[in-house]
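Worksheet: one structure, shown below.
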Amino acid sequence: MNAQPTALARLRGLVLSPAQFLPFALAQLTALWLIVLTGAAVRLTDSGLGCRHWPGCEEGHPLPAKNGHAFIEFGNRVFGGITIGLALVGWLAARRTPALPRWSVQLSLVIFLGTLLQAPIGLLAVASDLRWPVVMLHLLLSIALLAGATVFALEVRASVVGRMQPVVPLELRRLGLLFTGACFLLIVSGSLATAAGPHSGGGKAEDIDRLGRLEPVVYAHAAVVGVFLCAFLFSLGYLGARRESSPRLFALAAAVFVLLLAQMGLGELQWRTHLPWGLVLAHVLLAATVWVGTVALATLFWRPNVDFADR
């Protein structure tokens, strides 16, 4: 009779170290990165209306029928549920990790609530027959949550390895905020290009709500690329000139720059080949990865882990 109260008491008294909690933070970050890709796969394969009801696939049939579009859409929903579960576990576990700063525990709650909010937004997207503002909101919330999970994971890691004072000047830290904002605008402009492009997300292409003409949006997207590239190149040059003091920070910036070059090359290729969905999906994969790297770099400018500088 005392087994249950004892188990509850042990659960309530559970205390995690930052090292024990770090796998939870990394799992959450990985899931939020993957959900961007599965959501993009739904749109690019025209599977957005593969399941007309929610949370089940069709009225009276919760599981998808033998239809590829239905399996893709339902699979994304299932993985979304897993992501919500990981975010919930992450928040509960963060509350049991006293070494974490209070603001990071609150950030984990925001990540969980934002992940939970994706479910009704997904329902609204289907109910509105994939109107582009709703679909775009769905993606941009995922991008914002991915940024939050990146900052959170780095803060947890800092609690494991240690934190130090910034190793770059205030001007460069502010520039990090600038290129992070430019990177977000890059994703926004890319989303607008998708909204104006050939990938409807589901249903008949002529019946899908679109955002104007594709060409002007693509040109605007290219202009944002230029702003981001200039700010990032200046930061990379500064870190390169002083790489002896922060070699790992420079290595991270160089890796992000290589990914950015690959992203630009892939963007040109997909434009010249009339936007085949496989190349666009790879473009989204790289965009999500560049975003994580950019947010991580800007975060480390302000709150560097101790092993990111040469001691």
Side-chain angles (χ1 to χ4, degrees), residues 22 25-26 28-30 32-34 36-37 101 103-104 107-108 111 140 142-190 224-267 283-311:
L22 184 57
L26 294 177
Q28 176 181 257
L29 175 60
T30 302
L32 287 168
W33 179 78
L34 286 173
V36 172
L37 304 186
W103 69 265
S104 66
L107 176 59
S108 70
I111 292 171
L140 294 182
S142 291
I143 293 299
L145 293 171
L146 187 57
T150 302
V151 173
F152 182 62
L154 284 173
E155 187 62 29
V156 175
R157 187 178 184 276
S159 298
V160 176
V161 303
R163 188 184 300 105
M164 62 182 298
Q165 292 299 314
V167 296
V168 299
L170 179 60
E171 292 77 12
L172 194 63
R173 281 177 268 157
R174 288 174 175 169
L175 188 62
L177 298 178
L178 175 63
F179 66 62
T180 301
C183 189
F184 183 75
L185 289 178
L186 195 59
I187 295 172
V188 171
S189 61
V224 179
V225 171
V227 173
F228 172 64
L229 190 60
C230 288
F232 195 86
L233 275 175
F234 184 89
S235 301
L236 181 63
Y238 180 94
L239 293 171
R242 295 161 178 80
R243 57 184 176 275
E244 295 82 7
S245 62
S246 51
R248 291 190 177 182
L249 208 55
F250 171 69
L252 175 59
V256 174
F257 181 64
V258 170
L259 289 173
L260 179 61
L261 290 179
Q263 173 81 333
M264 293 170 62
L266 188 57
H283 196 58
V284 172
L285 182 152
L286 278 175
T289 308
V290 168
W291 174 241
V292 170
T294 300
V295 172
L297 186 63
T299 302
L300 291 169
F301 279 1
W302 289 89
R303 299 176 66 82
N305 289 188
V306 72
D307 56 350
F308 270 80
D310 183 18
R311 304 184 68 192

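By convention here, the first residue in the shown sequence is residue 1.
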Check against side chain to side chain contact (heavy atoms under 4.5 Å, CB included), Ile111 and Leu32 = CA-CA 10 Å; Ile111 292 171; Leu32 287 168; 3.9 Å; yes

request  = List the atom of Ala182, the atom of Val224, and the distance in Å for their closest heavy-atom pair.
outcome  = O-CG1, 3.7 Å

Interatomic distance, Ile187 atom CD1 to Ile143 atom CD1 [nearest 0.5 angstrom] = 4.0 Å

task = Give the minimum heavy-atom separation between Ala25 and Ala153, together with the two atoms involved.
result = CB-CA, 4.1 Å

note = Smallest heavy-atom separation, Glu244 atom then Pro247 atom, equals O-CD, 3.8 Å

remark   = Closest non-hydrogen atoms of Val290 and Cys183, given as atom of the first, atom of the second and distance, are CG1-SG, 4.3 Å

task = Would you name the heavy atoms of Gly176 and Ala298 that are closest together and state the gap between them?
result = O-CB, 3.7 Å

key: Whether Arg157 side chain and Leu22 backbone form a donor-acceptor pair below 3.5 Å   = no

inquiry  = Using side-chain heavy atoms (C-beta onward) and a distance below 4.5 Å, is Arg303 in contact with Leu154?
reply    = no

ask   = For the side chain of Trp33 and the backbone of Leu146, is there at least one donor-acceptor N/O pair under 3.5 Å apart?
value = no

task = Supply the atom-to-atom distance Leu177 CG to Trp302 CH2, rounded to the nearest 0.5 angstrom.
result = 5.5 Å

task = Mind telling me whether Phe179 and Phe228 have parallel, tilted or perpendicular rings, with 30° and 60° as the class edges?
result = perpendicular

key: Over 12 foreign heavy atoms within 6.0 Å of CZ, Arg163   = yes

query = Is there a side-chain contact between Val168 and Leu249 (heavy atoms, below 4.5 Å)?
reply = yes

inquiry  = Would you say that Thr150 contacts Thr299 through its side chain, given a criterion of any heavy-atom pair below 4.5 Å between the two side chains?
reply    = no

ask   = Any side-chain heavy atom of Leu233 sitting closer than 4.5 Å to one from Tyr238?
value = no

request  = Side-chain contact test, heavy atoms from C-beta onward, threshold under 4.5 Å: evaluate it for Leu239 versus Phe301 and give yes or no.
outcome  = yes

message = What's the separation between atom OG1 in Thr294 and atom CG in Leu252, rounded to the nearest 0.5 Å?
response = 9.0 Å

query = At what distance, to the nearest 0.5 angstrom, does CG of Leu172 lie from CZ of Arg242?
reply = 9.0 Å

inquiry  = Could you check whether any side-chain heavy atom of Leu229 comes within less than 4.5 Å of a side-chain heavy atom of Met264, counting everything from C-beta outward?
reply    = yes

query = At what distance, to the nearest 0.5 angstrom, does CG of Asn305 lie from CD of Glu155?
reply = 8.5 Å

task = Give the minimum heavy-atom separation between Ala231 and Leu178, together with the two atoms involved.
result = CB-CD2, 4.3 Å

request  = Verify, without hydrogens or angle tests, whether Ser246 (side chain) and Arg243 (backbone) share a donor-acceptor contact under 3.5 angstrom.
outcome  = no

key: Distance, nearest 0.5 Å, that separates OG1 of Thr180 from CZ of Phe232   = 9.0 Å

